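To start, the structure under review is shown below, and the notes come after it.
Keep in mind that what you see is a predicted model, and the values were worked out from it rather than measured. Numbered from 1 within each chain, the chains take letters A, B, ... in sequence-line order.
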There are 2 protein chains.
Amino acid sequence: MDKQNVTIYDVAREAGVSMATVSRVLNGNSNVRQTTKEKVLQVIDNLDYRPNAVARGLASKKTTTVGVIIPDVTDGYFSSLARGIDDIATMYNYNIILANSDDNPGKEASVLNTLLGKQVDGIIFMGNEIDDHLRDEFKRSDCPIVLAGSVDVNNSVPSVNIDYVDAVMNETNRLIQHGNQKIAFVSGPLKQAINKDYRLKGYKKALNSNHIPFSDDLVFETTSTYEDGYNLADELIKKNITAAVVTNDELAAGLLNAMTDRGVVVPDDFEIFTSNNTKLAKMLRPQLSSITQPLYDIGAVAMRLLTKIMNQEKIDDKYVVLGYEIEERQSTK
Amino acid sequence: MDKQNVTIYDVAREAGVSMATVSRVLNGNSNVRQTTKEKVLQVIDNLDYRPNAVARGLASKKTTTVGVIIPDVTDGYFSSLARGIDDIATMYNYNIILANSDDNPGKEASVLNTLLGKQVDGIIFMGNEIDDHLRDEFKRSDCPIVLAGSVDVNNSVPSVNIDYVDAVMNETNRLIQHGNQKIAFVSGPLKQAINKDYRLKGYKKALNSNHIPFSDDLVFETTSTYEDGYNLADELIKKNITAAVVTNDELAAGLLNAMTDRGVVVPDDFEIFTSNNTKLAKMLRPQLSSITQPLYDIGAVAMRLLTKIMNQEKIDDKYVVLGYEIEERQSTK
DNA sequence: CTGTTAGCGCCTTCAC
DNA sequence: GTGAAGGCGCTAACAG
């Protein structure tokens, strides 16, 4: 009933060599004669031997697995990053332990600790907010960590992102150029730095450079769900708002559908710009205009960066900023 | 530079007990005097000691991690299952190693092997097709495996599903009751058992019981992408088809949008039923009528079942069939 | 090029 | 209740 009855020792005996030699061929060590190597390989095949990664991990202090903390796999934005992460991880022979955190600081800290206990070689963290406590844990962990599509105002950890300030500023500018004066900023929780310190800042910059006064009255804070977006429509209509910059695609989808359901024609009567360009944006009608982020690449680059750090390679840039585009589809004029 | 400098040995020395005792309190063994237990706990806290799960795994032959093989995290159907899986896993103190397979038999077999090498305590497999080779690997693995939202015609492995035959039959029946005679079956790859042996069968049963002849001409095999659905519209229109049962939500979304973009009014001129009730279904306009599967629960129940098997508990039913509903929204009359 | 010998950090009998 | 000792399966010097 053992999962793993045949060990390196069995292989060694069967092949008439020492376990060290078997270990060498397993690890691609070149110091093995071709003929013995072949013989060992042969025996491994015959015995259907599969190295025990746990034992290997204990001995070598490397588990070839990395932890991935994600708010919610079900979210199209983060799952796209996760896909990029996993593909690159696989490419470099790593596996990922995926853990959902719901953006909950308690869960994040807790899962971080269990990951460290499992001796992951590195961690990719995705989350909308990094508080002091978490930053401390990161520091104390003594484990390579990279943020993917997530922002740390202190830049205390390597990260891969786009320029959120710039992107939102550009969106807002376009909306202004389209003639809108009352533009809503529809956001996820403002305690999240990515919303408050980056996106909102971009929004304000655009208003400012166009001499439009900023008003708290046009800032709508939500929990980023489809329903939140849907429920917001009436209020926006009542305030005679004619356009919105939205920080999340599902949120934008809710707003869009609510508008349409109320007979408000998008984009003629109301324009919407969203932020993440998940699959969803193109599947809606009208299609959502959006910042087009290289989602897969953000994950992929983050994982690649992590491999370099784990590997102690020299890093050119610990704070990668990838390019983005703005694609105007059908939800803007 | 060690990730884990303080070991159980340090704790033992510091607390003036043996490592065996420390191990006991760590594992909740009752044979420890209350006072010593408290002392040990105190030292653990002081030293910021964190047990090394790898060493523990080697010694105990339990890793408290399970492998999860998924076609693509980016797919709303599977990511919902994955969320259910992770939540229950967390509840039972397991972590999940998530691996994308793209439904590719080669990748599936390969990742299965690396998971087994990592000594996972169990595996949840999601995939649209299980071929003989994979079934063999499952059997040989001698590792608890549960299928989630995935079907094995041979029932060689415990699984959690809904009754796909019945569900598709019901959908088709409704379409027939709505007066449709030419109903398309728009499917993912027909080499996948879930499509060919279950859904298609349900479609045929409905036709049959309504004395409508089955025609291969109305079966459309695709790769299940949004684009596939979009590109199919013209053909369906040309054939004067008035309704479709679709096996995948993104596929259905593509078809829906293509119809709308071509001026075909859904549901007046064309009805659509989809199969998975992912978030997407309700976000589209018109909203997609669908089989409403308990996605999260399928994952959750599968993981719960797996814990029972890993725990050698008695299992009432190794082939769980969860209930489903059919929800008619706006894409059907 | 190959074998020997220690551990890696923890669990788990088995004594006391 | 607690300690001592022997692995778990593999890697990593160190010899030869």
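Among the atoms of the strands shown, base atoms are found under 4.0 Å from some heavy atom of B:Ser23. Nucleic acid contact for A:Val17: sugar-phosphate only, since backbone atoms but no base atoms lie under 4.0 Å from a heavy atom of the residue.
Checking D:dT2, C:dT2, D:dT11 against every side-chain atom of A:Arg24, the shortest atom distance belongs to C:dT2.
Within the 3.5 Å criterion, the main-chain N or O of B:Thr64 finds a donor-acceptor partner in the side chain of B:Asp121. A donor-acceptor pair is defined here as one N or O able to donate and one able to accept, closer than 3.5 Å; no such pair exists between the side chain of A:Asp297 and the backbone of A:Ala300. For A:Tyr319 (side chain) and A:Asn155 (main-chain N/O), a donor-acceptor pair under 3.5 Å exists by modelled atom type. When atom types are taken as modelled, the side chain of B:Lys118 and the backbone of A:Thr63 share a donor-acceptor pair closer than 3.5 angstrom. Side-chain atoms of A:Asn104 come within 3.5 Å of backbone atoms of A:Gly106 as a donor-acceptor pair (strictly under, hydrogens ignored). Judged by distance alone, the side chain of B:Asp86 and the main-chain N or O of A:Asn100 form a donor-acceptor pair under 3.5 Å.
Among the candidates A:Val68, A:Val66, A:Ile97, the single residue satisfying the side chain to side chain contact (heavy atoms under 4.5 Å, CB included) test with A:Leu115 is A:Ile97.
Remark: C1' of D:dG3 and CZ of B:Arg33 are 13 Å apart, rounded to the nearest angstrom. To the nearest angstrom, P of C:dG9 lies 15 Å from CG of B:Leu26. Computed from coordinates, the A:Leu47 CG to D:dG9 C1' distance equals 15 Å when rounded to whole Å. Per the geometry, CD belonging to B:Gln119 stands 12 Å off C1' belonging to D:dC10, to the nearest Å. Atom CZ in B:Arg13 sits roughly 16 Å away from atom C1' in D:dG3 (whole-Å rounding). The distance from atom OH of A:Tyr9 to atom P of D:dC8 is 11 Å, rounded to the nearest whole Å. A:Asn27 has its CG atom 7 Å from the C1' atom of D:dT11, to the nearest Å.
An OP1 or OP2 oxygen of D:dT2 is reached within less than 4.0 angstrom by no side-chain nitrogen or oxygen of B:Asn31. Close to D:dT11, at under 4.0 Å from its OP1 or OP2, lies a side-chain N or O of A:Arg56. Side-chain N/O atoms of B:Thr21 include one lying less than 4.0 angstrom from OP1 or OP2 on D:dG3. OP1 or OP2 of C:dC10 sits under 4.0 Å from a side-chain N or O of B:Tyr49.
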Report, one pair per line, the protein and nucleotides 5-8 of chain C atoms (nitrogen or oxygen only) whose separation is under 3.5 Å.
residue, atom, partner, partner atom, Å
C:dC8, O3', A:Lys61, NZ, 3.4
C:dC8, O2, A:Ala59, N, 3.2

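Interface remark: the A:Arg50 side chain does not form any donor-acceptor pair with the D:dG9 base, using a distance-only criterion of under 3.5 Å.
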